[in-house]
Amino acid sequence: MSFGDVIVERCCALAGVSEEPGRLTRRYATPAMTRANALVGSWMREAGMTARLDAAGNLVGRRPGLDPDAGTLLLGSHLDTVRDAGAFDGPLGVVLSIALVQRLREEGVALPFAIDVLGFADEEGLRFGTAYLGSRAVAGTFDPALFDVVDDDGVSVRQALLGFGGDPAGIGTASRRADAVLGYVEVHMEQGPVLEDRGAPVGVVTGIAGATRVEVRFAGQAGHAGTIPMTLRRDAAPAVAEIVLACEELARATEGLLATVGRMDVRPGAPNVVAGTGIAFLDVRHADDRVRAEAVASLRQTAEQIAAARRLELTWDVRLDNPAVAVDDRLTARLVDAAAGRGLAEVRLASGAGHDGVALAALCPIAMLFVRCADGLSHHPAESVSAEDAAVALDVLYDFTRALGSSSA
Ligand code: HGY
Ligand code: MN
Ligand code: MN
């Protein structure tokens, strides 16, 4: 079986490891993640790596280098998923990096530096509304206040991590020293239509857009739907509807702005009860941080006006606020050279999606290689990457790594 076939087959096998029957959902520090780490860890060991869980719950596979002072190249991506996810968003980068190590071993390639393949534990932030819990720990930027954030069941990050076999008190041990890391290179499906449109199997990423996520909560008064006159209500449900539409309206009117409410909730959640609580989760993105910040400020003002007009209390809880992140020129040039060496046309593109590289950029130089995906579809069970394109991406990463090895020998 070709490496491309193995990569796709393993991503599909991993997609069967879910916390929900009939669809793929795998959240941070859950039993499904434990099962996923066990499966991916076995593939790491098959490739001759050691595999361990770090204090933050990331899976870490290691291939030592010849020279202990030559540092470590970090590869990988995330193993957690969104709800009702596809098989490739995250796992492709982890499984492909393991295939690289396997191929280096089979071809007897010795490198001065070590390679760590990281299976990050929380890129999507589905369970706690944050993101990058695992990669922030590796970068040394984990905010201890996050330990007290709770999920929908009232379980805190700290409790979840302890139950998962992590070590909240020792979270610092997951961080890397900047002078011991050569850089972080992530292979990821494009999650968009550009490569398919350009007829290119892979493309090199020029930068990652900034993103803000906010939990907007309106608090009013629950009550009987049949007895409370409309003029006396403090109904939180229409407030949620208004902020959702305000989001869409602002994004439609602002060039390049993407604003999404992918999750909303009204409580207590009974058809004959006026909602006392209304929650909307905003996701706001733009390539220019200034435009994104202005949009978030404008939406906050709108939420305040909605709350005042409806005599509701507003809570504006920013769960994530990441600036746009630049990729490293040198590492990126090496990826471009490796692709050119395979006769591939040079395609560069920006990433509207966030990635663990956003967190790792605080630690070390980062670069990303995108792989074409069918119909640009992602965050959807039908997302797919072909074995042929996975094989091309592996060739590029293989040449990149060997060239890095010979230049740092
Ligand atoms: O939401 C994102 O951009 C990424 O998929 N976590
Ligand atoms: Mn994703
Ligand atoms: Mn991803």
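Just so we're clear, the structure is a prediction, and the values are computed from it rather than from any experiment. Just follow the structure's listing: the first ligand is 1, and inside any ligand the first atom is 1.
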Any ring pair (Phe, Tyr, Trp, His ring centres under 6.0 Å) pairs touching residues 301-346, not counting sequence neighbours? none
Under 3.5 Å, is there a donor-acceptor pair between the E106 and Q102 side chains? yes
Hey, is there an N, O or S on E124 sitting under 2.8 Å from the Mn ion (ligand 2)? yes
Is any N, O or S atom of H355 under 2.8 Å away from the Mn ion (ligand 3)? no
Could you please spell out the steps behind the side-chain contact (heavy atoms from CB on, under 4.5 Å) verdict for V396 and L369? CA-CA 9 Å; V396 172; L369 182 72; 4.0 Å; yes
Assess whether atom CG of D329 is packed by more than 12 heavy atoms of other residues, nucleotides or ligands within 6.0 Å. no
Given H355 and F370, is the ring-ring contact (aromatic ring centres under 6.0 Å, His included) satisfied, shown in steps? CA-CA 12 Å; H355 303 283; F370 270 174; 5.7 Å; yes
Between ligand 1 and H188, can you find any atom pair, the residue atom being a heavy atom, that is separated by under 4.0 Å? no
With a distance cut-off below 6.0 Å to the six-membered ring centre and an angular limit of 45° from the axis, does R103 pair with Y398 as a cation-pi contact? yes
Taking 4.0 angstrom as the limit and counting only heavy atoms of E124, give me the atoms of ligand 1 inside it, by number and element. 4 (C), 5 (O), 6 (N)
What atoms in ligand 1 come closer than 4.0 Å to a heavy atom of G354? 2 (C), 3 (O), 4 (C)
CD (E46) with more than 12 external heavy atoms under 6.0 Å: yes
Taking just the N, O or S atoms of D89, which one is nearest to the Mn ion (ligand 2)? OD2
Quick check: does H379 have an N/O/S atom under 2.8 Å of the Mn ion (ligand 2)? yes
Which atoms of ligand 1 are found less than 4.0 Å from any heavy atom of R213? 1 (O), 6 (N)
State whether the shortest distance between N or O atoms of A353 and N or O atoms of ligand 1 falls below 3.5 angstrom. no
With heavy atoms of H379 as the reference, note each atom of ligand 1 found under 4.0 Å away. 1 (O), 5 (O)
For E249, is the CD atom crowded, meaning more than 12 foreign heavy atoms sit under 6.0 Å from it? no
Q191 to ligand 1: N or O pair under 3.5 Å? no
Which option wins on minimum heavy-atom distance to atom 3 (O) of ligand 1: H355, R285, H78, E123? R285
